[in-house]
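Below, chain A is the first sequence line, B the second, and so on; all start at residue 1.
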Amino acid sequence: MRLRPLMIALALLAPAGARADLVYVLNSGEASVSVLDAATREETRRIPVLREPHHLVLTPDGSELVIADSGGNELLFVAPTTGEVLRRVRISNPYHLEFSPDGRFLAVASLRRDQVDLYDAATLELLQRFRPGDMPSHIAFTPDSKRFFVTLQGDRSVAAFDTETRTQLWTAEVGKDPAGIIWHRGRLIVGIMGADHFVTLDPETREVRPAFTLGRGAHTIFPSPDGRALYATSRVDSRLAEVDPETLQVRRVWNVPGGPDCLTFDPEGRIWMTLRWSGRVAVLDPARPDAQPAFETVRVGRSPHGIFFKPRREGVGGDFAQAMPGAVSGTRPLSAPVPPRTVPAAPLPGGATPAAARPAP
Amino acid sequence: MLDPLIRLWVDVSGAVFEGAVQPALYAAGLMMWADDVQEWLDFALLGIVQIVLVYAVCRPLEAVRPVEPVSNRAAVLTDVFYTLLARLGLLPLIAFVLLSSAERMLNGWLADAGFVPPTLETLIPALREMPLLALLLYVLILDFGEYWRHRFQHMFGWWYALHSVHHAQRQMTFWTDDRNHLLDDAIAAVWFGAVALLIGVPPAQFVLIVMLRQLAESLSHANVRLSFGRVGERLLVSPRFHRIHHGELSAGEDGRNYAVLLPVWDWIFGTADFDRKSYPRTGDPNAPESLATGGWLRQQIDGFRELGRALRRR
């Protein structure tokens with residue numbers, strides 16, 4: 001906090017014209033994508049899509065943002081730096097999607113056709129179609145890309161798949177209406193939306209254990225880019241929790257009205273989250289000790305769901321969250337650790353760029 | 001101009017969903033349907049707005065220029081019950097629950113067959129940049145589909161047996177629009193779903209289209225001596241135009257004026273009657289009395305009986 005006056009002073013001295021970071025927000029109830037200026041918190045552009053965009057993911061090389069328009073039966077490939085729509089690919093009802101960490105595969109879950117598709121990531125050739133059960137929802141890969149897992153909302157379970165043999169390995173019951181899922185240090189963590197807690201699932205023994213309790217409608221969980229915390233949401237009790245990645249103990253809980261859903265992080269560690277029911281995005285800085293209720297909100301379109309922070313400052317790629325030291329969790333974990341590095345600072349409001357920012361913790 | 005209204009709508013529906021609907025879903029163990037029910041909530045809330053709007057517009061018109069006096073208030077009350085069921089989203093919700101699994105199965109089969117359902121915008125890419133024109137085209141295509149569904153309701157005996165619940169009303173008012181047999185409503189939902197599968201219907205536009213259509217339909221059923229004039233009668237279905245369709249001599253296969261929103265379809269297919277002085281008595285002389293004056297449940301049961309008779313006659 002003591003750095004802030006210094007940063008502002010430096011910003012005033014820095015050359016103008018630096019490009020602001022962008023935040024992409026998928027308005028699932030309004031058939032559009034809001035593009036926010038991360039510095040001014042203003043919506044600068046709205047990209048029309050066909051029907052109902054829910055989730056998005058960056059391509060393994062970081063060059064394209066893939067937006068799944070489930071009702072429109074399309075994948076949109078967008079240049080993350082400019083927001084330009086590069087191409088569209090017809091795919092039936094893509095809901096959640098994830099690239100394997102080695103970049104070879106793209107898995108797509110289709111909530112409204114009860115199928116999971118495995119594609120060749122480079123050519124988008126369909127390699128295998130699975131019919132694992134009712135309402136396939138969220139996807140997570142293992143770090144070695146050999147397996148991936150999908151929550152089945154209608155079947156209280158998680159299904160496991162092998163990317164090499166292209167077979168379904170097993171299904172394990174985890175609890176009512178499972179939703180978000182991540183790979184975390186050899187285990188899976190799953191949000192039990194029909195209950196108030198998250199569970200861990202051991203992929204070898206299939207043992208299910210309570211992980212932590214958050215609130216009604218436990219939904220999604222994301223690792224912070226530095227790997228020092230997990231952040232989990234609940235949609236009925238509208239809470240965000242910071243969770244210790246080692247012990248899975250809840251460290252802090254924020255009440256965030258509006259139905260917090262998906263999260264993304266900026267290089268300063270701030271959390272940007274979609275609020276499904278209020279048509280807004282909330283920005284929360286967990287570094288602030290008085291963080292309740294010190295979060296700001298930005299109006300976007302209806303029922304915002306997927307969200308992605310795209311840094312445009314020099315030296316930080318769109319995949320910075322996967323490239324941070326300690327990023328060994330998440331839906332796209334690294335197969336090997338990367339060397340630590342300092343994150344360049346974000347431009348400040350007005351277009352100026354501070355000369356330095358705090359290093360990644 | 002519409003932005004403040006849309007934002008107000010998002011805030012109100014979001015607050016209702018977060019404060020009341022979602023906790024109820026959680027308590028009932030139905031969280032897996034949360035996203036879908038959020039869409040359904042639009043129908044329910046818009047239904048309330050519709051009822052208020054329709055009442056505010058049609059009730060004064062019926063008071064000032066009625067075609068006939070209201071002599072059977074019980075029959076009107078039955079229609080009010082139909083309206084509340086349909087417009088507060090209860091029937092769409094039931095249809096959704098019943099059809100959801102079937103829809104997922106159908107989507108899976110289509111994907112296996114290599115068919116990716118198109119949308120108008122994928123068929124006509126220029127429409128991606130012209131949402132208003134796209135909306136007009138959706139209205140046009142859906143209304144065309146509704147015209148033919150309505151014609152088939154009168155053309156096939158078994159289908160008219162169900163549809164006669166709607167036509168049996170002798171005391172037609174703006175409440176009569178939703179007076180339909182449940183099975184007839186279910187067939188209509190499947191019909192509409194098939195059209196939607198062929199052209200795709202954007203969710204936000206779908207809600208708007210349904211609202212506009214239902215407002216127009218309520219007005220067209222009103223007990224009011226109102227014609228839209230020589231030109232207007234050919235552009236939009238008026239109370240007079242639709243009353244001819246409900247006339248006693250127009251029941252069953254002898255129907256005229258089938259259009260729901262745009263009379264152009266009757267014009268094109270030779271079923272239009274633009275006699276602007278005619279305000280005939282309404283009802284279906286061949287229908288059982290219970291379909292005219294019975295309560296909601298009696299009409300539903302007897303509708304099934306009529307359907308059985310029609311099928312046996314084939």
Select one option (side chain, backbone, both, neither) describing which atoms of A/L126 are under 4.5 Å from chain B's heavy atoms. neither
Assess whether atom CZ of B/F269 is packed by more than 12 heavy atoms of other residues, nucleotides or ligands within 6.0 Å. yes
Between A/R90 and B/T119 the two heavy atoms that sit nearest each other are NH2-N, 4.4 Å
Could you pull out the closest heavy-atom pair between A/S238 and B/E18, with the gap in Å? OG-OE2, 2.7 Å
From the list A/G194, A/G154, A/G71, A/G279, the residue making the most non-hydrogen contacts under 4.5 Å with chain B is A/G194
Is there a side-chain contact between B/M31 and A/H219 in this structure, where contact means two heavy atoms from C-beta onward sitting under 4.5 Å apart? no
If you count heavy atoms of other groups shown closer than 6.0 angstrom to CE of B/M105, is the number above 12? no
When rounded to the nearest 0.5 angstrom, what is the spacing between CG in A/N93 and CG in B/L110? 11.5 Å
Okay, A/R280 and chain B: the region with an atom under 4.5 Å from a heavy atom over there is side chain
Short side-chain donor-acceptor distance under 3.5 Å, A/R302 and B/S13: yes
Assert top hit (heavy-atom pairs under 4.5 Å, partner chain B, pool A/P257, A/A195, A/S278) equals A/A195
With a 4.5 Å limit on heavy-atom distance, are the side chains of B/W33 and A/Q153 in contact? no
Proximity breakdown for A/L275 and chain B, heavy-atom pairs closer than 4.5 Å: neither
Atom CZ of A/R156 and atom CE of B/M32: how far apart are they, to the nearest 0.5 Å? 11.0 Å
Using a cut-off of under 4.5 Å for heavy-atom pairs, which of B/P23, B/G29, B/G19 has the most such pairs with chain A? B/G29
Could you look at A/Q115 and say if it's the side chain, the backbone, both or neither that has a heavy atom under 4.5 Å from chain B? side chain
Below 4.5 Å, heavy-atom pairs only: which of B/V10, B/D112, B/L127, B/T122 has the largest tally toward chain A? B/D112
Any donor-acceptor pair under 3.5 Å from A/R129 side chain to B/A111 backbone: yes
Sidechain N-carboxylate O distance under 4.0 Å for B/D35, A/R112: no
Using a 3.5 Å distance criterion without hydrogens, assess whether the side chain of B/Q22 forms a donor-acceptor pair with backbone atoms of A/R235. yes
How far apart are the closest heavy atoms of A/S303 and B/Q38, and which atoms are they? OG-OE1, 3.2 Å
Nearest heavy atoms of A/E74 and B/R128, plus distance in Å: OE2-NH2, 2.5 Å
Locate the shortest heavy-atom distance separating A/D196 from B/Y26; write the atom from each residue and the value. N-OH, 3.5 Å
Sort A/N73 into side chain, backbone, both or neither according to what part of it lies under 4.5 angstrom from a heavy atom of chain B. both
